[in-house]
Every structure is written in structure tokens, then in C-alpha cells.
> 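I'd like to ask you about the structure that follows.
Here is the naming used below: chain letters follow the sequence lines, and residue numbers restart at 1 for every chain.
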Protein chains: 2
Amino acid sequence: MSTPQRDQPTDPVTRSGRPVRDLPRSTRQRRAVVRLLHGCPDFVSARVLYAEAESAGITVGLTTIYRTLHLLESAGHVDVVRDSNGERLYRSRAKEGHSHYVVCRSCGLSLAVESEQVERWAADTATRTGFTEVDHTVELTGVCADCSRPRHGD
Amino acid sequence: MSTPQRDQPTDPVTRSGRPVRDLPRSTRQRRAVVRLLHGCPDFVSARVLYAEAESAGITVGLTTIYRTLHLLESAGHVDVVRDSNGERLYRSRAKEGHSHYVVCRSCGLSLAVESEQVERWAADTATRTGFTEVDHTVELTGVCADCSRPRHGD
DNA sequence: CTCGCTGCAAATGGTTTGCACGATG
DNA sequence: CATCGTGCAAACCATTTGCAGCGAG
């Protein structure tokens, strides 16, 4: 029989059977990754973050970056997209809401776009198809105004 | 005069620089891949196709499947999505042009969904942001009605 | 002091490429 | 007959994992 808990249904436990109630430890590396991520205006890959850390004089292993990124992803603190190579790109979630971006194929510029319509559509589609827990990935790519503008003095 | 274009190599050329104008040769393997793909109701990975070919008694190398899939992709004959692992999944494009799907995270069932709203939103967003040649990727994942059905006796 | 965290290196696993042979047009 | 297509194996490469030592709580 089920026990009426207010905890999340996904409540992992350690090998010893102890529930993971503790928040992740606050280590220098994790803070560094988070800070570095906040400093990046656009989506970045784990390896770019690694390079950033290096040039910032911070010693962090690539492994740790990946693991921290996973943590942030699970906690919903970052937006994640995949580039055309299937690489994961992360961006610290600026605002509270879930947002989408239009990315320039030429210069990489990314702009957050209003997506209420899509959110509604996704929710609506869920209902219509009988699906639950519907999550969506929306990626817009194009050529930004600046890059599509013909250049004369170049 | 030189055309100051910055567009990406959307126009495939052979190593020799010759534009790909010739139709690809019609080989037994390619036909097999296409036929196999047509026979799959849902999205399949290259490796699944490979297995299908094998159990159909058709000898086709994985390499050839990948290459054929790329060909079909370039020609716009297939829809491509990425699963959560970044794997590419292909589906022969039905007659109704560009469509989107909602995929069940539990059983893999994929359903084409109406996406006019999204199409309009994408086009609208392009205008609003000044982006041109906007392309979009929309992936809906969830749990289908069948899989989310409550199980009794717990 | 204990258990989580870290990082190196090695493993994974999907996808791509080099190369020599075979099939197509 | 000249190319393009094919397939094997090795290369690639982003990401994950094993393992032993270190640090946070």
C-alpha cells in the first residue's frame, strides 16, 4: 500500500538506503561552473566551459563539468539544446520560465523568443493525443538580420 | 562578380567540386534501405535498419545505411529527430510534407501531430526577430495514454 | 570520521572516413 | 572502362564510468 508522502516520487536513496535529502555539497568547482555558465550569454558546450575555466585559472576536470551540468539539468537550472552535431549546449536559465531561442546559423547569436503559442500548442497536443507529462524541445535556427544583410565595404 | 553570399553549403558537391546533378545509382542496397524504411511505421535508427536488413536476409553494411540515410536526408525524403541520447532516428517522409511527432518515452510510439500553429509561430517569429531562412525542430515527448494507465494491485 | 566529490584515464557507442574491390551506367 | 558505391575496420569524439584520494559537513 502506498504511503502518502509529500516528497517527490523520485526520491533516490544511497546504497546504504539513506534517502538523499542533503543538498549537493557546495564545492569550489561547482560554484565555478555555475558562475562561468552565468557569464556566458549564449549556449555553451561542456568543453567550452572547460576552456573558460582554464583561461580563468580555475582547475576543474571535464568530468566534473559534465557531472555538474547534469545536476543543473536535473534541477531545471539550465536550458539544454543540441546543435546539429548532437552536442549538448547549456545555458543558465535566466528567467524563471521555460523559454526557447532562435539561433543564427552564421554567427551563433541566440535570441530568446516568445513562445506562449508553442507552450499552449504543446499542452493542447498532449490533451488531444492522450499523452501525459509532455515535454517539448523547440529549436529555431535561421540567419539573423545582421548576417543576412549584404555587405558592401567588406 | 562574386556573389557575397554567406550561405552554408546547402548545395552538396562531390570532392572533385562537381555539383551533384546525377541521380544516385540505383543499387540493390539503396533500394533495400528505402524499402525497409518505408516498412517502418515509426522512427528508426540506422542500427535498427541494419538489424532489419539482416533479418530480411539482405546484406547491407552499416556504413552504407548511414550514407544512404544521409542521402535521403539531403534530398528531404526523410524526417529526422534525435532521441534523448542524441541518436538520429529516421522516418520516411509521408506525403504531407513537414510534420511533427509526439513520441512516447515509455514505449516509443510516435504519433504525427497537427502543427499548423507551430508552423505559423515559427514563421511569425522569424519576421519578428529579423531572422531569415528560419528552420525549426520541434520534438514532443511524453507518456502515451496506454503507458500512463494506472496499474492496479500495487 | 564518513560519504560525497573530483579527476585521470579508459571505456562507450553512435557516426564518419580511408582504402581497395566490385558494380553500375 | 571510368566512376561511383560498398564494406570492413579503424578513427572520431562527445559523453560516461571505474577507481583511489581528497574535502565538506
> Nearest to the A/T27 side chain among D/dG5, D/dT15, C/dT6, which nucleotide is it?
C/dT6
> Ignoring hydrogens and angles, are the base of C/dG13 and the side chain of B/R47 linked by a donor-acceptor pair under 3.5 Å?
no
> Could you check whether B/S45 gets within reach of a base, just the sugar-phosphate, or nothing at all, counting any heavy atom under 4.0 Å?
nothing
> So if I apply the salt bridge (charged side-chain N to carboxylate O under 4.0 Å, His left out) rule between A/D79 and each of A/R88, A/R91, A/R93, which one comes out positive?
A/R93
> Is any N or O donor-acceptor pair between the side chain of B/R25 and the base of D/dC4 shorter than 3.5 Å?
yes
> At under 4.0 Å between heavy atoms, what does A/T63 touch on the DNA or RNA strands: base, sugar-phosphate, or nothing?
base
> Hey, is the side chain of A/R88 poking within less than 4.0 Å of OP1 or OP2 on D/dT16, counting only N and O atoms?
yes
> In terms of the angle between their ring planes, are B/H100 and A/W121 parallel, tilted or perpendicular, with boundaries placed at 30° and 60°?
perpendicular
> Whole-Å distance between D/dA14 P and A/L69 CG?
15 Å
> How close or far is atom P of D/dT17 from atom CG of B/N85, stated in whole angstroms?
11 Å
> Expressed as a whole number of angstroms, how long is the span from B/D83:CG to D/dA14:C1'?
15 Å
> Could you check how far CZ of A/R67 sits from P of D/dA14, rounded to whole Å?
18 Å
> A/I65 CD1 to C/dT6 C1': how many Å, rounded?
12 Å
> Closest to the A/Y66 side chain: C/dA9, D/dA14, C/dG25?
D/dA14
> Hey, does B/R30 reach any base, or is it just sugar-phosphate, or nothing, if we go heavy atoms under 4.0 Å?
sugar-phosphate
> Just the rounded figure in Å: distance from P of C/dG22 to CZ of B/R28.
14 Å
> The side chain of B/Q29 is closest to which nucleotide in this list: D/dT15, D/dG5, D/dT6?
D/dT6
> Below 4.5 Å, heavy atoms only, C-beta onward: do B/F131 and A/L140 meet side chain to side chain?
no
> Considering residues, nucleotides and ligands other than A/R128, do more than 12 of their heavy atoms fall under 6.0 Å from its CZ?
yes
> Give the rounded distance in Å between these two atoms: CG of A/L62 and P of C/dA11.
18 Å
> Just the rounded figure in Å: distance from P of C/dG7 to OH of A/Y50.
9 Å
> At less than 3.5 Å, do the side-chain atoms of B/R82 and the base atoms of C/dG14 form a donor-acceptor pair?
no
> Under 4.5 Å between side-chain heavy atoms, counting indirect links through other Ile/Leu/Val/Met/Phe/Trp/Tyr residues: same cluster for B/L89 and B/V78 or not?
no
> On DNA chain C, does the nearest nucleotide to B/H70 precede the nearest nucleotide to B/S26 from the 5' side, or the other way round? Give the residue.
B/H70
